[in-house]
Amino acid sequence: MPRILRIAAAQMGPNQRADSRAAILARMIALLEQAAGQGAKLVVFPELAFTTFFPRWLLEGAELEQYYEHSMPNPETQALFDRARELGVGFYVGYAEKTAEGQHFNTAITVGPDGAVLQKYRKVHLPGSVEPREGARFQQLEKRYFEYGDMGFPAFYGPESWGAPIMGQLICNDRRWPEAWRVYALQGMELMVVGYNSAAYDPNGGDTEDQGLRTFHSQLAAQSNAYMNACWAVAVAKAGDEDGSGLIGGSCIVDPNGRIVAEAKTLGDEVVVADCDLDLVQQGKQKMFNFAAHRRPDMYALITERTGAEPPKR
């Protein structure tokens with residue numbers, strides 16, 4: 001019997017610095033409800049979905065700390081979890097995390113339809129710089145505001161109501177690094193979910209990259225890695241003019257052959273939905289690339305030794 005999971009890419013338009021958390025959350029819940037109304041069982045939100053992309057500024061003290069979440073859910077985000085549970089829908093969402101020990105991470109979680117967190121991931125490939133670039137209108141200071149992710153790339157099972165897919169999570173710049181996808185794929189990963197906030201210009205200076213090229217590269221990363229790792233990929237943007245800084249859109253759902261089956265057409269709040277046949281991954285895993293779980297037990301020992309990740313257990 002085919003395992004078909006209807007997934008929604010919930011692209012968000014810009015979160016302005018002046019926007020209240022309540023206003024942003026209301027938009028997210030509206031997107032969730034729209035997706036559920038179209039029959040989606042999993043909704044994928046962007047990176048840093050609850051806030052503006054604050055690493056574009058040089059910030060300190062309380063002005064910076066306001067952007068971090070000390071727990072998830074928390075009183076300011078609980079309504080999203082509650083509404084998702086009422087609708088029987090799960091979701092992926094990115095946020096800025098501050099741990100009890102005072103560490104800061106760019107984090108994402110996948111939440112099941114019962115409201116429980118299935119798995120957490122912390123961004124590994126942090127772009128930008130620690131120190132601001134002199135004379136730049138906007139900065140890219142993720143290395144200043146976040147520590148490198150310390151959880152590796154742990155694959156996990158989605159619930160039976162989704163067809164029990166083996167899942168992976170990435171955040172933004174991670175999607176450009178094939179090693180991350182391959183570590184998940186060698187754990188049997190069938191579905192990758194990733195949110196991003198990608199500038200519509202070269203964030204490190206220069207004029208050789210524009211919105212069109214960066215959107216092309218974003219989709220190319222999702223398409224090529226979905227094909228090479230025989231998995232579905234759902235890549236979702238926060239897009240548009242955010243506090244005068246452009247963000248690309250291009251949110252898309254990609255099949256295991258690398259084909260885009262649904263994509264956003266705007267730079268605003270938009271839901272796109274696709275029925276994802278999870279068994280389509282088998283052609284690539286068993287034939288083309290020949291790295292199905294039962295064929296490469298030696299690789300699991302290597303992954304465990306070097307990253308701490310093991311094949312997910314049911």
Side-chain angles (χ1 to χ4, degrees), residues 4-15 27-28 30-49 53 89-94 108 110 162 165 167-176 178 181 189-201 209-242 246-278 280-281 284:
I4 297 177
L5 174 62
R6 182 164 289 187
I7 303 176
Q11 178 173 287
M12 295 177 65
N15 291 343
R27 285 171 48 215
M28 295 176 68
L31 289 168
L32 185 83
E33 291 174 339
Q34 184 180 343
Q38 295 181 50
K41 296 302 181 184
L42 170 60
V43 181
V44 182
F45 288 105
E47 173 190 28
L48 298 178
F53 185 77
V89 173
F91 61 91
Y92 160 106
V93 68
T110 296
W162 296 354
M167 298 181 62
Q169 302 176 104
L170 295 173
I171 301 173
C172 198
N173 192 42
D174 289 322
R175 73 194 188 281
R176 307 181 194 279
W181 295 75
M189 180 262 296
E190 300 169 304
L191 170 62
M192 178 69 81
V193 287
V194 51
Y196 58 94
N197 289 191
S198 292
Y201 54 89
E209 298 181 17
D210 60 13
Q211 177 174 318
L213 181 61
R214 289 180 65 81
T215 303
F216 168 74
H217 285 160
S218 178
Q219 293 187 329
L220 177 65
Q223 291 180 261
S224 59
N225 281 293
Y227 169 64
M228 290 185 291
N229 294 286
C231 67
W232 286 88
V234 186
V236 183
K238 174 141 58 70
D241 186 339
E242 191 171 86
L247 296 172
I248 66 168
S251 300
C252 57
I253 301 174
V254 181
D255 76 10
N257 290 305
R259 297 178 298 195
I260 294 176
V261 298
E263 66 179 307
K265 303 301 184 184
T266 74
L267 294 177
D269 290 2
E270 182 179 355
V271 170
V272 296
V273 173
D275 287 327
C276 302
D277 184 347
L278 299 169
L280 285 181
V281 306

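Everything quoted here is computed from the prediction, not taken from an experiment. Computation of the quantities below employed the complete heavy-atom set of this structure, encompassing side-chain atoms and omitting hydrogens, waters and symmetry-equivalent molecules. All residue numbers refer to positions in the sequence shown, counting from 1.
Of all non-hydrogen atoms in Cys172 and Val194, the two that sit nearest each other are N-CG2, 3.7 Å. Across all their heavy atoms, Ala10 and Pro46 have their closest contact at O-CD, 3.7 Å. Across all their heavy atoms, Gln169 and Thr110 have their closest contact at OE1-OG1, 2.7 Å. The two residues Leu278 and Trp162 have their closest heavy-atom pair at CD1-O, 3.4 Å. Listed here is the closest heavy atom pair of Asn197 and Leu48: OD1-CB, 3.9 Å. Between Val281 and Glu190, the shortest heavy-atom contact is CG1-O, 3.8 Å.
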Please step through side chain to side chain contact (heavy atoms under 4.5 Å, CB included) for the pair Ile260 and Gln219, ending with a clear verdict.
CA-CA 9 Å; Ile260 294 176; Gln219 293 187 329; 3.8 Å; yes

Give the C-alpha distance, both sets of side-chain angles, the deciding distance and a yes or no for side chain to side chain contact (heavy atoms under 4.5 Å, CB included) between Met12 and Met28.
CA-CA 8 Å; Met12 295 177 65; Met28 295 176 68; 3.6 Å; yes

Can you check side chain to side chain contact (heavy atoms under 4.5 Å, CB included) on Trp232 and Met192, steps first, answer last?
CA-CA 6 Å; Trp232 286 88; Met192 178 69 81; over 6 Å; no

Under the criterion side chain to side chain contact (heavy atoms under 4.5 Å, CB included), I'd like the reasoning laid out for Leu247 against Arg214: C-alpha separation, chi angles, the key distance, then a yes or no.
CA-CA 10 Å; Leu247 296 172; Arg214 289 180 65 81; over 6 Å; no

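You'll find the side chain of Cys276 stays beyond 4.5 Å of the side chain of Leu191, heavy atoms only. A heavy-atom distance below 4.5 Å is not found between the side chains of Gln211 and Tyr201. Within the 4.5 Å cutoff, side-chain heavy atoms of Ser224 are placed close to those of Met228. Contact of the Asp269 side chain with the Leu31 side chain is registered, since non-hydrogen atoms from C-beta on lie closer than 4.5 Å. For the pair Asp210/Phe216, no side-chain contact is recorded, criterion being any heavy-atom separation below 4.5 Å from C-beta on. Residues Phe91 and Val193 fail the side-chain proximity criterion, which asks for heavy atoms closer than 4.5 Å. Between Arg259 and Val254 the shortest side-chain heavy-atom distance does not fall below 4.5 Å. With contacts defined as side-chain heavy-atom distances shorter than 4.5 Å, the pair Glu270/Lys265 qualifies.
With rounding to the nearest 0.5 angstrom, the NZ atom of Lys238 is 10.5 Å from the OG atom of Ser198. Atoms OG1 and CG, from Thr215 and Leu220 in turn, are 12.0 Å apart once rounded to the nearest 0.5 Å.
In this structure, Arg175 forms a cation-pi arrangement with Tyr196, its terminal cationic atom sitting closer than 6.0 Å to the ring centre and no more than 45° off the ring axis.
Remark: Leu32 pairs with Val43, Phe45, Leu80, Arg83, Ala84, Leu87, Val89 by the side-chain contact (heavy atoms from CB on, under 4.5 Å) rule, at least two apart or across chains. Residues meeting the salt bridge (charged side-chain N to carboxylate O under 4.0 Å, His left out) test with Asp275, sequence neighbours left out: Arg6.
The closest side-chain donor-acceptor pair between Arg27 and Asn15 falls under 3.5 angstrom. In summary, the side chains of Glu263 and Ser251 do not present any donor paired with an acceptor at a separation below 3.5 Å, with no hydrogens or angles considered.
Distance alone, capped at 3.5 Å, is enough to place a donor-acceptor pair between the Asp174 side chain and the Ile171 backbone. Side-chain N or O atoms of Glu47 include none that pairs as donor or acceptor with a backbone N or O of Val93 at under 3.5 Å. A donor-acceptor distance shorter than 3.5 angstrom exists from the side chain of Gln223 to the backbone of Gly258, with no hydrogens or angles considered.
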